[in-house]
Number of protein chains: 2
Amino acid sequence: MSYKRSFLMEERLADNRQRILKAARALVAEGGFNHASIAAVAASAGMSAGAIYRYFPSKSALFVEVLTSAIDHEIAILQAIVQGEGDVTARLRACVESFANRALEGPYLAYAFIAEPAEQEVDEARLLGRIRFGEVFKSLLIEGIEKREFPAQSIDIGAACIVGAFTEALVRPIAPRAKRDGRAELVEGIVAFCLRAVGAKIF
Amino acid sequence: MSYKRSFLMEERLADNRQRILKAARALVAEGGFNHASIAAVAASAGMSAGAIYRYFPSKSALFVEVLTSAIDHEIAILQAIVQGEGDVTARLRACVESFANRALEGPYLAYAFIAEPAEQEVDEARLLGRIRFGEVFKSLLIEGIEKREFPAQSIDIGAACIVGAFTEALVRPIAPRAKRDGRAELVEGIVAFCLRAVGAKIF
DNA sequence: CCAAGAAGTGAATCGGGATTCACAAAAAAA
DNA sequence: TTTTTTTGTGAATCCCGATTCACTTCTTGG
């Protein structure tokens, strides 16, 4: 019998895989999904188009992973905030602020991840991501209501609405070409909207 | 010289155009944009694929028109509510309710119009539509603040957030396959969220 | 009815990017 | 080193639906 991947080989492969993901992410960040053909990704990752298929079964699969891991990262950040200290209102505010700020930082990337159309599969992943974001807010809502910071209300709907609200408010300034001033005001406006919406008392 | 379109001919042409639009709309309603290839539209409209191109310069153009006219219709309805009687809060509620109910009526159509990815051009039309919906809510917000029904707040952001909120809350139950019970609760939840968000006093 | 122009047909073409594949290079086993 | 297996290459192929176009059919004006 024959061939067992050496450790070094193993590493190189893993490395290539990462390089592909990174290249794909970068291309999306730079010009949206359109910009990111397999050929472009391959070139940018320093390998041939065919090679990509040793690492990912299809373009969709690749981009689903790109999207999913970006979302994972985002969720982790939010989760950390949720589990942090402070009253629920403050944490909700921090979540929205944090998300919005990062989105405004990398416009194209955020646009692609929030809104840009892509393959069926990628879209499903995005919907899933939205649902996961919703879960985060759901947990905040539950806690907020429990602690009487917020009035009783429909949790699921509220969570979805929050995600939709800041997402929509972000997409317009984010969408390619849009002006990008008044960032602070934008973020503050979104936060204020969300806090009022859940009935936080500060307002 | 020769040939001048008779009135009857003129009519038949206009009729065909309408038939195409209707067929396209129906196909979208039935299975989303995917379902609606030129071939399918042609077949469903009872003519050949080539003929479509006598009426529309491209597939995109056709679907942009389908989308736009649907949005026009929707906007007209909302506008009527806005200009109707009652306090601003009531009208805002009516707008959201009305939109949501119609969206839940024709799930696929609404999904396609709200969220399903499509060609660049169609997407731009959709973004435009969202902005127009935003305008409607903007006018309500302005009036509401003027009349002291709502506290001072950022108009543009608020409008965008409202659109995003109900849109998101609708898309999930709307997205192909989702269950569809508790419609009334859903609508009521969305309305409540939006009213709180703008600071309406009822709550 | 005929000629000229317009509308309709649908099979062939086109486009453009994903995917494959015959082959080459590199790595492990012998 | 030779053999075997894996990995990498990139041009050719495939896919698939929009779009075109040579041709037919219908309308209009004479």
Side-chain angles (χ1 to χ4, degrees), chain A residues 1-21 23-24 27-28 31-66 112 116-123, chain B residues 1-21 23-24 27-28 31-66 112 116-123:
Chain A
M1 85 202 40
S2 45
Y3 206 89
K4 156 123 194 299
R5 292 211 275 249
S6 70
F7 179 65
L8 231 79
M9 189 70 219
E10 197 92 19
E11 269 208 326
R12 192 151 64 72
L13 291 185
D15 219 60
N16 284 351
R17 196 166 195 286
Q18 280 314 113
R19 190 192 289 90
I20 294 171
L21 285 168
L27 282 169
V28 170
F33 282 115
N34 307 314
H35 214 235
S37 64
I38 287 287
V41 172
S44 163
M47 57 181 80
S48 68
I52 303 276
Y53 287 85
R54 296 230 166 239
Y55 298 88
F56 299 89
S58 70
K59 190 192 181 189
S60 308
L62 165 56
F63 282 97
V64 165
E65 187 160 336
V66 167
E116 193 189 6
E119 285 96 48
Q120 183 73 35
E121 283 91 350
V122 176
D123 262 52
Chain B
M1 85 203 38
S2 45
Y3 205 89
K4 154 124 195 300
R5 290 213 275 251
S6 69
F7 179 65
L8 231 80
M9 190 72 218
E10 199 92 17
E11 269 208 325
R12 191 150 64 71
L13 291 185
D15 219 61
N16 283 350
R17 196 167 195 286
Q18 280 314 113
R19 191 191 289 91
I20 294 171
L21 285 168
L27 282 168
V28 170
F33 282 116
N34 307 314
H35 213 234
S37 64
I38 287 288
V41 171
S44 163
M47 57 180 80
S48 69
I52 303 276
Y53 287 84
R54 295 227 169 240
Y55 297 87
F56 299 89
S58 70
K59 189 192 182 189
S60 309
L62 165 56
F63 282 98
V64 165
E65 187 160 336
V66 167
E116 193 189 7
E119 285 96 48
Q120 183 73 34
E121 283 91 351
V122 176
D123 261 52

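Order of the sequence lines sets the chain letters (A, B, ...), proteins ahead of strands, with each chain counted from 1. This one's a predicted model, so the numbers in the text were calculated from it and none came from an experiment.
- Taking OH of Tyr55(B) as the start and CG of Leu21(B) as the end, the distance is 11.5 Å to the nearest 0.5 Å.
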- Task: Determine, stepwise, if the pair Val41(B) / Phe63(B) fulfils side-chain contact (heavy atoms from CB on, under 4.5 Å).
- Result: CA-CA 11 Å; Val41(B) 171; Phe63(B) 282 98; 4.2 Å; yes
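- A heavy atom lying under 4.0 Å from DNA chain C marks the following residues of residues 43-53 of chain B, by number: Met47(B), Ser48(B), Gly50(B), Ala51(B).
- Listed pair Asn34(B) / dG17(D) fails the phosphate criterion, with no side-chain N or O lying under 4.0 Å from OP1 or OP2.
- In this structure, of dC26(D), dA27(C), dA18(C), it is dC26(D) that holds the atom nearest to the side chain of Arg12(B).
- Rounded to 10°, the helix from dC1(C)-dG30(D) to dA30(C)-dT1(D) has 10° between the axis fitted to its first five pairs and the one fitted to its last five.
- The structure places CZ of Phe7(B) at 13.5 Å from CZ of Arg12(B), a figure rounded to the nearest 0.5 Å.
- Relative to the side chain of Met9(B), the nucleotides dA18(C), dT27(D), dT19(D) differ in distance, and dT27(D) lies closest.
- In this structure, the separation between CD1 on Ile52(A) and CZ on Arg54(A) is 12.5 Å, given to the nearest 0.5 Å.
- Nucleic acid contact for Tyr55(B): sugar-phosphate only, since backbone atoms but no base atoms lie under 4.0 Å from a heavy atom of the residue.
- For the atom pair Asp15(B) CG and Met9(B) CE, the distance stands at 11.0 Å (nearest 0.5 Å).
- Across the interface with DNA chain D, nearest-nucleotide mapping of Arg54(A) and Lys59(B) shows Arg54(A) to be the residue nearer the 5′ end.
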- Give the intermediate values and the outcome of side-chain contact (heavy atoms from CB on, under 4.5 Å) for residues Asn34(A) and Gln120(B). CA-CA 10 Å; Asn34(A) 307 314; Gln120(B) 183 73 34; 4.2 Å; yes
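- For Arg5(A) and dT7(D), the shortest distance from a side-chain N or O to OP1 or OP2 is below 4.0 Å.
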- Query: Stepwise, does the side-chain contact (heavy atoms from CB on, under 4.5 Å) test hold for Met47(B) with Ile20(B)?
  - Reply: CA-CA 9 Å; Met47(B) 57 180 80; Ile20(B) 294 171; 3.9 Å; yes
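- Partners of Ser58(B) by side chain to side chain contact (heavy atoms under 4.5 Å, CB included), not counting sequence neighbours, listed by chain and number: Ser60(B), Ala61(B).
- Nearest nucleotide to the side chain of Leu13(B), out of dG17(D), dT19(D), dG8(C): dG8(C).
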